[in-house]
*Asks:* 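Let me begin by handing over the structure; questions about it come next.
When a residue number appears, it is its place in the shown sequence, counting from 1. The structure displayed is predicted, hence computed values, not measured ones.
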Amino acid sequence: MPLDVAWRAREDYKSESQCKRSSFAFYRAVRDLLPVWLLEEMRATEALHWEEDGRARAFAPCEALLYALVHDHQAYARHLLRSYPSRALEAPSPSFRCCACTDAAAPHLALAVRHERVAILGMMLEAAADLSEDERRAFLDGHGCTHSGGKTALHVACELARAECLLALLANGACPYVTDGAGDTPLDCLLEQIERSGDAEGVDARARRACLGYLLLFMSAMRFRKRLQLVEDAARWTRLLGERAYGWLSGRAPPTLLLLCTRTLLSARAELLESLPRFLRPPEFRLQQWGVAE
């Protein structure tokens, strides 16, 4: 090999340690909320990450968005989603996954819920509206890796009682009947959390009640795995849920007329919930009533 060719090849070579240093520098730059132009210059010219197949790769928009989510860099997330609306929502490379599962959906929604990045979650849902119907459905209802039990973003929202995130997902078309790897719906996941907490009160309990209200608002049919358990242990679940919520979930009592009207309205245009006057919103769906800031 000619000397000049060998020298150029050595200049282009990036070792694993070099990639780790540049990747960490990019991570810190996003963490420190540096300007968008500087972050994009780093991503285009110097920030690399090391793949398991022994190759150095530049950060894709979807991978940079993960950093923006973790550190709540809203300006950078907005830039990525506007400049690369479809590529920013793709699944990242294997080096960004927590396990060897290759068929898991893009983790962005679940990560936004887990870190409670409500503003960036709204940006992603807005960008997802321009995807094809199949792509949008796969993004909204995509299952996580086997390490997470195949949970969707809705399951994570119910598990962590992220009421505002749950409402945003449901209002943008996430399916409340989707099941995880164990066959549980988001409502099953929420009921399990309520069951574990017992009669405990506090912010978490009020947030779980708000989540329950939002699920009831978007579920026209009560299809969930724990329903038989609710019917068989009526006294206990009535104490945990309250008489009205228990009656709706068990099918022993019809929903209120206001709930039915709101459900019909939202089935056509879910985004109208936020625009309704407060006196027209069903009381059980007002976050402030449960002590959770809107």
Side-chain angles (χ1 to χ4, degrees), residues 22-49 51 56-97 104-144 152-154 156-157 162-175 266 269-275 294:
S22 69
S23 177
F24 184 59
F26 183 55
Y27 178 88
R28 287 191 303 175
V30 179
R31 180 198 63 190
D32 295 340
L33 307 181
L34 295 186
V36 171
W37 68 267
L38 180 57
L39 294 174
E40 280 296 85
E41 184 174 320
M42 290 181 66
R43 189 174 72 86
T45 60
E46 60 184 89
L48 299 170
H49 63 86
E51 285 295 333
R57 277 191 51 183
F59 280 78
C62 60
E63 294 156 355
L65 182 59
L66 292 175
Y67 282 5
L69 271 167
V70 170
H71 298 298
D72 200 22
H73 198 323
Q74 297 180 24
Y76 193 32
R78 184 179 297 107
H79 168 79
L80 291 168
L81 289 165
R82 287 180 177 176
S83 302
Y84 317 98
S86 58
R87 291 176 58 198
L89 300 179
E90 294 175 348
S93 65
S95 63
F96 285 84
R97 299 172 187 158
H108 300 84
L109 287 181
L111 188 66
V113 173
R114 193 170 296 279
H115 289 274
E116 210 165 4
R117 307 304 191 204
V118 180
I120 300 179
L121 176 62
M123 297 176 202
M124 291 191 295
L125 293 172
E126 183 179 352
D130 295 329
L131 300 176
S132 69
E133 181 60 28
D134 289 343
E135 290 174 331
R136 182 169 170 271
R137 181 57 52 202
F139 181 68
L140 288 172
D141 299 330
H143 295 82
T152 69
L154 278 182
V156 177
R162 305 282 197 245
E164 197 171 355
C165 295
L166 179 66
L167 176 59
L169 291 165
L170 290 169
N172 282 275
C175 178
L266 298 183
R269 294 188 60 186
E271 68 276 9
L272 290 178
L273 179 62
E274 289 300 322
S275 62
E294 287 189 285

*Asks:* Only pairs at least two apart or in different chains count here, so list each salt bridge (charged side-chain N to carboxylate O under 4.0 Å, His left out) that has a residue in residues 72-84.
*Replies:*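 Matches after skipping sequence neighbours: none remain.
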
*Asks:* When rounded to the nearest 0.5 angstrom, what is the spacing between CG in Leu33 and NE2 in His71?
*Replies:*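 Output value for this atom pair is 9.0 Å.
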
*Asks:* Not counting sequence neighbours, which residues clear side-chain hydrogen bond (donor to acceptor under 3.5 Å, both in side chains) with Ser132? List them please.
*Replies:*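 Counting only residues at least two positions away or on another chain, Ser132 forms a side-chain hydrogen bond (donor to acceptor under 3.5 Å, both in side chains) with Glu135.
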
*Asks:* Measure across Ser93 and Arg57 and return the closest heavy-atom pair with its distance rounded to 0.1 Å.
*Replies:*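 Of all heavy-atom pairs spanning Ser93 and Arg57, the closest is CB-NH1, 3.4 Å.
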
*Asks:* Applying salt bridge (charged side-chain N to carboxylate O under 4.0 Å, His left out) as the test, list every pair that has at least one member in residues 39-49; sequence neighbours left out.
*Replies:*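 Those involving residues 39-49 are Glu40-Arg43.
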
*Asks:* Would you check if the side chain of Arg117 reaches a backbone N or O of His73 as a donor-acceptor pair within less than 3.5 Å?
*Replies:*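 No: the side chain of Arg117 does not pair with the backbone of His73.
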
*Asks:* Which pair of non-hydrogen atoms, one from Leu65 and one from Ala88, has the smallest distance, and what is that distance?
*Replies:*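 Residues Leu65 and Ala88, closest heavy atoms: CD2-O, 3.3 Å.
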
*Asks:* Who passes side-chain hydrogen bond (donor to acceptor under 3.5 Å, both in side chains) against His49, sequence neighbours left out?
*Replies:*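 Testing His49 for side-chain hydrogen bond (donor to acceptor under 3.5 Å, both in side chains), a comparison that skips the adjacent residues, returns Glu51, Glu63, Ser95.
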
*Asks:* Rounded to the nearest 0.5 Å, what separation is found between the CG atom of Leu38 and the OH atom of Tyr76?
*Replies:*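 Output value for this atom pair is 10.0 Å.
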
*Asks:* Within this structure, what is the OH-CG distance for the pair Tyr27 and Asp32, rounded to the nearest 0.5 Å?
*Replies:*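 Tyr27 atom OH to Asp32 atom CG measures 10.5 Å (nearest 0.5 Å).
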
*Asks:* Between Gln74 and Met123, does the side chain to side chain contact (heavy atoms under 4.5 Å, CB included) criterion hold? Intermediate values first, please.
*Replies:* CA-CA 9 Å; Gln74 297 180 24; Met123 297 176 202; 4.0 Å; yes

*Asks:* Do you know the tightest heavy-atom contact between Ala112 and Leu69?
*Replies:*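 Of all heavy-atom pairs spanning Ala112 and Leu69, the closest is CB-CD2, 3.6 Å.
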
*Asks:* Grab the two heavy atoms, one from Phe59 and one from Ala47, that are nearest each other, plus how far apart they are.
*Replies:*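 Between these two residues, the closest heavy atoms are CD1-O, 3.7 Å.
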
*Asks:* For His108 and Pro92, work out which heavy atoms get closest and say how close.
*Replies:*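 That closest heavy-atom pairing would be CE1-CD, 4.4 Å.
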
*Asks:* Going by the rule side-chain hydrogen bond (donor to acceptor under 3.5 Å, both in side chains), which residues pair with Ser22 if we only count those two or more places apart in sequence or in a different chain?
*Replies:*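 Ser22 satisfies side-chain hydrogen bond (donor to acceptor under 3.5 Å, both in side chains) with no other residue.
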
*Asks:* Could you grab the distance from atom CG of Leu109 to atom CG of Leu154, nearest 0.5 Å is fine?
*Replies:*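 So the CG of Leu109 and the CG of Leu154 are separated by 9.0 Å.
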
*Asks:* Applying side chain to side chain contact (heavy atoms under 4.5 Å, CB included) to Leu66 and Val70, what does each step give before you reach the verdict?
*Replies:* CA-CA 6 Å; Leu66 292 175; Val70 170; 5.6 Å; no

*Asks:* Got a second to check how far Cys175's SG is from Leu169's CG, nearest 0.5 Å?
*Replies:*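 The CG atom of Leu169 is 12.0 Å from SG of Cys175, to the nearest 0.5 Å.
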
*Asks:* Measure the shortest side-chain to side-chain distance between Cys165 and Leu121 over non-hydrogen atoms and say whether it is less than 4.5 angstrom.
*Replies:*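 Answer yes - side chains close enough.
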
*Asks:* Do you know the tightest heavy-atom contact between Pro61 and Leu80?
*Replies:*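 Taking every non-hydrogen atom into account, O-CD1, 4.0 Å.
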
*Asks:* In chain order, what residues pass the side-chain hydrogen bond (donor to acceptor under 3.5 Å, both in side chains) check against His115, with sequence neighbours excluded?
*Replies:*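 With neighbours one apart ignored, the set is empty.
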
*Asks:* Which distance, rounded to the nearest 0.5 Å, do you find between the OH of Tyr67 and the CZ of Arg31?
*Replies:*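 It comes to 11.5 Å.
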
